[in-house]
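Structure record follows, encoded as structure tokens.
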Number of protein chains: 2
Amino acid sequence: MSPIKKVNKVTACAHPLAHQKAADTLKQNAPKEEELYDLADLFKAFADSSRIKILWALSASEFCVCDLADALGMTQSAVSHQLRLLKQSRLIKSRREGQSIIYSLADEHVKKVFSLGLEHVREI
Amino acid sequence: MSPIKKVNKVTACAHPLAHQKAADTLKQNAPKEEELYDLADLFKAFADSSRIKILWALSASEFCVCDLADALGMTQSAVSHQLRLLKQSRLIKSRREGQSIIYSLADEHVKKVFSLGLEHVREI
DNA sequence: CAAATATATGAATATATGTTCATATATTAT
DNA sequence: ATAATATATGAACATATATTCATATATTTG
């Protein structure tokens, strides 16, 4: 199923589709429905200040859970819950080291998104 | 106030901060608290599939509200509400053209974030 | 000016989500 | 094996947010 509906108009405005060509092109080049949801999910991972802080910390160095909690002023539980979400989003990875679990960024992509966003925020 | 708390440990783990140097560096290079919230807000704008669809459409062409609603299979009201959020986030701009309001991307930054995200999603 | 069309918006509702609390699991030290 | 430490997780709660419905505002047309 395409994320973009048939161009046949059924709902709102009465005027002919003002940008018919664009709408058609849109329909053809449509990313798959699933990709759009994945994309939204990716950005959801960045869409919370606690997770932003965690990602920012991990972009500087790997950390164990309790050090993250200490450094960021969060409870161990809250950090752990957020780390789980970030891991599910494939943005971070972890390894065990004795009693601790060390978390780090999964790849450089995170840094790219992060710095691009920061650049945008700073330039407004 | 720094987003990163004093390194003096008060809460969780008993071991000395495993990555003391990193934590200190972290503390010094800390983006401002406000920047982190702005950053989270920026990504919040991308963190919903309806808005993703709208942004994706606008990255192809400008559109009026009802054409967006038709093309994306959303109600006029839902689209309008989301457009307001996107405009508040400075991601899109609008101009009046007769009875219609034409929306378009505010700048190229949106496309960058969008394509970077899509690239990431596709490469996993 | 009145009717039609396009868009915006407040209120209500349903759902999603972040944090806390209590507790479970896993590893290390004694 | 037992205690101590580090991390994970389920349940509950509070808050945020996406959509719908009804309606208001703005522009054009007759």
Side-chain angles (χ1 to χ4, degrees), chain A residues 9 11-19 36-37 40-55 58 62-89 92-104, chain B residues 9-19 36-37 40-41 43-55 58 62-89 92-104:
Chain A
K9 308 203 54 166
T11 50
C13 49
H15 66 245
L17 233 191
H19 313 84
L36 293 176
Y37 282 98
D41 281 341
L42 169 67
F43 289 120
K44 264 178 203 162
F46 291 87
D48 173 79
S49 58
S50 292
R51 285 192 296 273
I52 284 282
K53 288 178 186 176
I54 290 173
L55 289 174
L58 295 182
E62 58 181 19
F63 280 100
C64 69
V65 180
C66 71
D67 282 355
L68 273 176
D70 274 340
L72 302 177
M74 297 173 64
T75 67
Q76 177 269 320
S77 180
V79 170
S80 193
H81 279 295
Q82 297 299 353
L83 286 173
R84 184 161 58 89
L85 293 181
L86 290 172
K87 193 166 184 189
Q88 282 172 353
S89 303
I92 63 175
K93 60 188 177 186
S94 64
R95 70 171 197 278
R96 178 173 280 283
E97 198 163 280
Q99 307 181 59
S100 299
I101 310 282
I102 312 293
Y103 282 90
S104 57
Chain B
K9 309 203 55 170
V10 282
T11 49
C13 49
H15 66 244
L17 234 191
H19 313 84
L36 293 176
Y37 281 99
D41 281 341
F43 290 121
K44 264 178 202 160
F46 291 87
D48 173 79
S49 58
S50 292
R51 285 193 296 275
I52 284 283
K53 287 178 186 176
I54 290 174
L55 289 174
L58 294 183
E62 59 180 19
F63 280 100
C64 69
V65 180
C66 72
D67 282 354
L68 273 177
D70 275 339
L72 303 178
M74 297 173 63
T75 67
Q76 177 270 319
S77 182
V79 170
S80 194
H81 278 296
Q82 297 299 353
L83 287 172
R84 185 161 56 89
L85 294 182
L86 289 172
K87 193 166 184 188
Q88 282 172 353
S89 303
I92 63 175
K93 61 189 176 184
S94 65
R95 69 171 197 277
R96 178 173 282 280
E97 199 165 280
Q99 306 182 62
S100 299
I101 310 283
I102 312 293
Y103 282 90
S104 57

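In the text below, chain A, chain B and the rest are named by the order of the sequence lines, each starting its count at 1.
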Exercise. Hey, does B/L85 reach any base, or is it just sugar-phosphate, or nothing, if we go heavy atoms under 4.0 Å?
Worked result: sugar-phosphate
So what does B/S80 hit on the nucleic acid, given a heavy-atom distance under 4.0 Å: a base, only sugar-phosphate, or nothing?
base
The correct set of residues in residues 44-52 of chain A placing a heavy atom under 4.0 Å from DNA chain D is none
Tell me the interatomic distance from [X], atom [atom1], to [N], atom [atom2], rounded to whole angstroms.
{"X": "B/R84", "N": "D/dT17", "atom1": "CZ", "atom2": "P", "answer": "12 Å"}
{"X": "A/I92", "N": "D/dA8", "atom1": "CD1", "atom2": "C1'", "answer": "13 Å"}
{"X": "B/Q76", "N": "D/dT19", "atom1": "CD", "atom2": "P", "answer": "13 Å"}
{"X": "B/R95", "N": "D/dT27", "atom1": "CZ", "atom2": "P", "answer": "15 Å"}
{"X": "A/H81", "N": "C/dA16", "atom1": "NE2", "atom2": "P", "answer": "18 Å"}
{"X": "B/Q99", "N": "D/dA26", "atom1": "CD", "atom2": "C1'", "answer": "9 Å"}
{"X": "B/M74", "N": "D/dT17", "atom1": "CE", "atom2": "P", "answer": "16 Å"}
{"X": "B/I101", "N": "D/dA26", "atom1": "CD1", "atom2": "P", "answer": "11 Å"}

Of all heavy-atom pairs between [X] and [Y], which one has the smallest distance, and what is that distance?
{"X": "B/S49", "Y": "A/Y37", "value": "OG-CE2, 3.3 Å"}
{"X": "B/S94", "Y": "B/I101", "value": "CB-CG2, 3.7 Å"}
{"X": "B/S104", "Y": "B/E62", "value": "CB-CB, 3.9 Å"}
{"X": "A/A69", "Y": "A/V79", "value": "CA-CG2, 3.8 Å"}
{"X": "A/L58", "Y": "A/Y103", "value": "CD2-O, 3.5 Å"}
{"X": "B/I54", "Y": "B/L68", "value": "CG2-CD1, 4.3 Å"}

OP1 or OP2 of [N] sitting under 4.0 Å from any side-chain N/O of [X]?
{"X": "B/S77", "N": "D/dC21", "result": "no"}
{"X": "A/S100", "N": "D/dA6", "result": "no"}
{"X": "B/R96", "N": "D/dT27", "result": "yes"}
{"X": "B/Y103", "N": "C/dA6", "result": "no"}

| query | For the residue pair B/F46 and A/F43, does the interplanar ring angle fall in the parallel (under 30°), tilted (30 to 60°) or perpendicular (over 60°) class? | reply | tilted
Please check if the side chain of B/R51 supplies one atom and the backbone of A/A40 the other of a donor-acceptor pair under 3.5 Å. no
For the side chain of A/R84 and the backbone of A/L86, is there at least one donor-acceptor N/O pair under 3.5 Å apart?
no
Angle separating the five-pair end axes of the helix from C/dC1-D/dG30 to C/dT30-D/dA1, nearest 10°, is 20°
Between A/G98 and A/A78, the residue closer to the 5' end of DNA chain C by nearest nucleotide is A/A78
Between the CG atom in B/D70 and the CZ atom in B/F63, the distance rounded to the nearest 0.5 Å is 10.5 Å
